[in-house]
Engineer: 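For reference, the structure I am asking about is given below.
Order of the sequence lines sets the chain letters (A, B, ...), proteins ahead of strands, with each chain counted from 1.
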Number of protein chains: 4
Amino acid sequence: MDKKQAILKSVLKLVNREGFYHLNMKNIAKEANVAAGTIYLYFKGKEDLINALYSMIVNEFNQHVLQGYEDEKPVKENFYDMLNNAIEFYLTQPDNFSFIEQYTYAPFLFKENQNDNFLLLSPIYKMMSVGKKEGVIRNIPDSILLSLIHGPMNTIIKLHLAHKTDLNKRGAKQKFFDAAWSAIAVV
Amino acid sequence: MDKKQAILKSVLKLVNREGFYHLNMKNIAKEANVAAGTIYLYFKGKEDLINALYSMIVNEFNQHVLQGYEDEKPVKENFYDMLNNAIEFYLTQPDNFSFIEQYTYAPFLFKENQNDNFLLLSPIYKMMSVGKKEGVIRNIPDSILLSLIHGPMNTIIKLHLAHKTDLNKRGAKQKFFDAAWSAIAVV
Amino acid sequence: MDKKQAILKSVLKLVNREGFYHLNMKNIAKEANVAAGTIYLYFKGKEDLINALYSMIVNEFNQHVLQGYEDEKPVKENFYDMLNNAIEFYLTQPDNFSFIEQYTYAPFLFKENQNDNFLLLSPIYKMMSVGKKEGVIRNIPDSILLSLIHGPMNTIIKLHLAHKTDLNKRGAKQKFFDAAWSAIAVV
Amino acid sequence: MDKKQAILKSVLKLVNREGFYHLNMKNIAKEANVAAGTIYLYFKGKEDLINALYSMIVNEFNQHVLQGYEDEKPVKENFYDMLNNAIEFYLTQPDNFSFIEQYTYAPFLFKENQNDNFLLLSPIYKMMSVGKKEGVIRNIPDSILLSLIHGPMNTIIKLHLAHKTDLNKRGAKQKFFDAAWSAIAVV
DNA sequence: GATGAATGAGTTTTCATTCAT
DNA sequence: TATGAATGAAAACTCATTCAT
């Protein structure tokens, strides 16, 4: 059994279950079936542990979201695929979503990655520039486009996880994609 | 001098400056120019204090966002006004935004208002039902519409406060509104 | 309304209800319908207040216990009367009993009256010396006699107040008196 | 070195020296040569710690007081032995006595053992029922008998520890036992 | 590598007392 | 006299981190 992975998984589970506020080393150890001291064999401390988990998730996300992406495909198709990938990633691993959200909104909690907060959005930027060149995506600032993609996705996942909507319902995702696309597409 | 308000303002300032994680009663007291014990004259404890602040901000937001709303106005106009009000509220009081975000993403931190997390969205729901009736807003589930309104707004404010975009730039807001409207409007 | 008396009564009630451990000035004030600061107009502080109450009760007890005492009466009669007075005093004012007990067993709590712990027993000493002279009470050390009088009385009251016995039952007191007398009487 | 025992011993010493009122965790730790936090490894908190100590002492007492007790012995002999055991227990470990007294008279301080207050008297009850059957002990309610045994014992120990009497003096105990026996014995 | 008892600085909270009104 | 808001020292308790085994 890989203790390092077990520890990271514990953090993920606990942050999701009880929030950053109640996260403590003893519980992490207990959840991972490991002694408290063992954590310090793999991580410098609490901060390091959390930052490591964050990096891990961001990497996984970026890999996942780009699956099926091909420059040759129409932008719209790539857009749909990416949204789909992103949503799938979080719906199948909801703990990741909760963790990322909490991490992002904890200013100065763990300074190291301060500038990486939007790192996980990099694939989206790529697609936007192509779309603009081809004239299928509105010629408005990237940051505004970003808000029109990332924002709805973020909220719809949140609503789904809070059982306020059901993205698995027949046609639900399609409606969402179409509407989201309208926001950024040239008419 | 109202000590209760001073304490609430301190929390807001400190949460924004250093995050929930580093918030402690001694600093709150110092920031409010008050003795530590004084906080307990007005609040039962840390949780109560934070919940009180949350309620206060949500109330202020709801009042602010509905300014200028009139049933007689076209839905689109009300939509623009509301988005505008919301953005203005947070841009002029950015600490409020940061606080609400952190509060929302801290599961089980302070259970009391668990169901109020989306309370501050109530004005939006009102507008959506009217728009659907009139046929100007897409006939898709409210939760999806919500994600298309709340999501972009949320992200654009975040980007603005992080200096990744500038909503005060000439024409910026208008572009944003138009695009956001496209997402929810019937073509 | 005499605020000083109200304060003393509050202490008595609260010590009885919740114990010394939970006694605090704010509750005393509330119970007495008085502001916290008012207590300090009548007493130097918490210690002084409690010591004053102790002295008050001891005085009342001493007065009460000697009612009907007359040097001319037979020692046995005076003994019965005193036991009877003592028991009546505490049964009609059980708060007094609880207070005295707690005060007595709180070493160094309030140093002032340290040596007065057995002060309230002075009437008993008087009777013992007379009884010995007359040859009706055993010629054993006063301290042992004291234990044989004070001890049973103390315990029987405690048991009565804890509903483990009922001194108001017909004949109960008489049985108790007779047995207690046997312990100290010359056969 | 057993830290748990060291902590319990510290509480005993400090309660005896300064009373419940002044008992605090920092001093307990210091007295036990242990860090403050260590106490919480073995006890949930102050209440738990004190309740644990109470249980420990009551158990020790009950074991000690029954030493030499045999159903075959005459009741009077068992009575003398038990009184002797009890007195010896408390005279050799006076801190135990003070602690038990304070614990008993602190209503609602620590609720858990509320009904065990008289638990430590259980051996006495046993003896009384036998004595009554044999006709050597007065046929009066157990509760009254109890007061005539427990009461004097309690008070004489208190007086001894307060240096108001000296049970180690030649013949002192015997006088006390004889008198105490007279109270409960059939003439 | 692995443990988990122990630490003690730091945190929340309480409360006797003061003092401006 | 009387008030009760305010104080701040002291209390109970937490928890990241260390280290002997």
Engineer: Send over the distance from B:F43 CZ to F:dA6 P, rounded to a whole Å.
Structural biologist: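 B:F43 atom CZ is separated from F:dA6 atom P by 12 Å.
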Engineer: Between A:N24 and C:I39, just flag the one whose closest nucleotide in DNA chain F comes earlier from the 5' side.
Structural biologist: C:I39
Engineer: Compare the minimum distances between each of F:dA12, E:dT12, E:dG1 and the side chain of A:L41, then state the nucleotide with the smallest one.
Structural biologist: E:dG1
Engineer: Would you mind classifying the nucleic acid contact of A:Y42 as base, sugar-phosphate or nothing, using non-hydrogen atoms under 4.0 angstrom?
Structural biologist: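 Here A:Y42 touches the backbone only, sparing every base.
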Engineer: Are C:Q93 and C:N96 close enough, and set up right, to give a side-chain hydrogen bond (donor to acceptor under 3.5 Å, both in side chains), and what steps lead you there?
Structural biologist: CA-CA 6 Å; C:Q93 302 169 75; C:N96 284 351; 3.2 Å; yes
Engineer: Rounded to the nearest 0.5 Å, what separates atom CD1 in D:I50 from atom CG in D:L12?
Structural biologist: 11.5 Å
Engineer: Specify the separation, in whole Å, of atom CZ of B:F20 and atom P of E:dT11.
Structural biologist: 17 Å
Engineer: What is the base-pairing partner of E:dA20, counting Watson-Crick and G-U wobble geometry with both distances under 3.5 Å?
Structural biologist: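 Its partner is F:dT3 (Watson-Crick or G-U wobble, both distances under 3.5 Å).
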Engineer: Enter the distance from D:I7:CD1 to D:N33:CG here, rounded to the nearest 0.5 Å.
Structural biologist: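 Answer rounded to 0.5 Å: 11.0 Å.
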Engineer: Rounded to the Å, how far apart are A:K30 NZ and E:dA5 P?
Structural biologist: 12 Å
Engineer: Please name the nucleotide paired to E:dG8 by Watson-Crick or G-U wobble geometry with both distances under 3.5 Å, or report none.
Structural biologist: F:dC15
Engineer: Is a donor on one side and an acceptor on the other found under 3.5 Å between the side chain of C:E18 and the backbone of C:L23?
Structural biologist: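 No, C:E18 side chain to C:L23 backbone: no donor-acceptor pair under 3.5 Å.
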Engineer: With respect to the phosphate group of E:dT3, does any side-chain polar atom (N or O) of A:T38 fall under 4.0 Å of OP1 or OP2?
Structural biologist: yes
Engineer: Take the angle between the ring planes of B:Y90 and B:F97 and call it parallel below 30°, perpendicular above 60°, tilted in between.
Structural biologist: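 Perpendicular: the ring planes of B:Y90 and B:F97 meet at over 60°.
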Engineer: What does C:M25 touch in the nucleic acid at a heavy-atom separation under 4.0 angstrom: a base, only the sugar-phosphate, or nothing?
Structural biologist: base
Engineer: Between F:dT21 and E:dG1, how many Å separate the two C1' atoms, rounded to a whole number?
Structural biologist: 13 Å
Engineer: How many whole angstroms separate atom CG of A:D2 from atom C1' of E:dA2?
Structural biologist: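 So the two atoms are 14 Å apart, to the nearest Å.
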Engineer: Under 4.0 Å, heavy atoms only, any strand: does B:L49 hit a base, just the sugar-phosphate, or nothing?
Structural biologist: nothing
Engineer: Could you list all N or O pairs between the protein and nucleotides 19-21 of chain F that sit under 3.5 Å apart?
Structural biologist:
none

Engineer: Rounded to the nearest angstrom, tell me the gap between atom CG in B:D48 and atom C1' in E:dT14.
Structural biologist: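 So the two atoms are 16 Å apart, to the nearest Å.
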Engineer: Heavy atoms only, 4.0 Å cut-off, all strands: where does D:L23 land among base, sugar-phosphate and nothing?
Structural biologist: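 If one applies the 4.0 Å heavy-atom cut-off, D:L23 turns out to touch the sugar-phosphate alone, with no base involved.
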Engineer: Find the distance between CG (D:N51) and NZ (D:K46) and round it off to the nearest 0.5 Å.
Structural biologist: 12.5 Å
Engineer: For the pair A:Y103 and A:Y54, name the ring-plane relationship: parallel under 30°, tilted 30 to 60°, perpendicular over 60°.
Structural biologist: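 The arrangement is parallel - the two ring planes meet at less than 30°.
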Engineer: Taking atom C1' of E:dA16 as reference, at what distance in whole Å does atom NE2 of C:H22 sit?
Structural biologist: 17 Å
Engineer: Any ion pair linking D:E31 and D:R17 (charged N to carboxylate O, less than 4.0 Å)?
Structural biologist: yes
Engineer: By nearest atom, which of the nucleotides F:dG4, F:dT3, E:dA5 is closest to the C:A36 side chain?
Structural biologist: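 Selected nucleotide (nearest to the side chain): F:dG4.
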Engineer: Counting only side-chain nitrogens and oxygens, does A:K26 get under 4.0 Å of the OP1 or OP2 atom of F:dC15?
Structural biologist: no
Engineer: With respect to the side chain of B:A35, which nucleotide from E:dT7, F:dA2, F:dT7 is positioned closest?
Structural biologist: F:dT7
Engineer: Nearest whole angstrom, please: distance from the P of F:dT14 to the NZ of A:K46.
Structural biologist: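 Atom-to-atom, A:K46 to F:dT14, this comes out as 15 Å.
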Engineer: Rounded to whole Å, how long is the line connecting atom CD1 of B:I50 with atom C1' of E:dT11?
Structural biologist: 14 Å
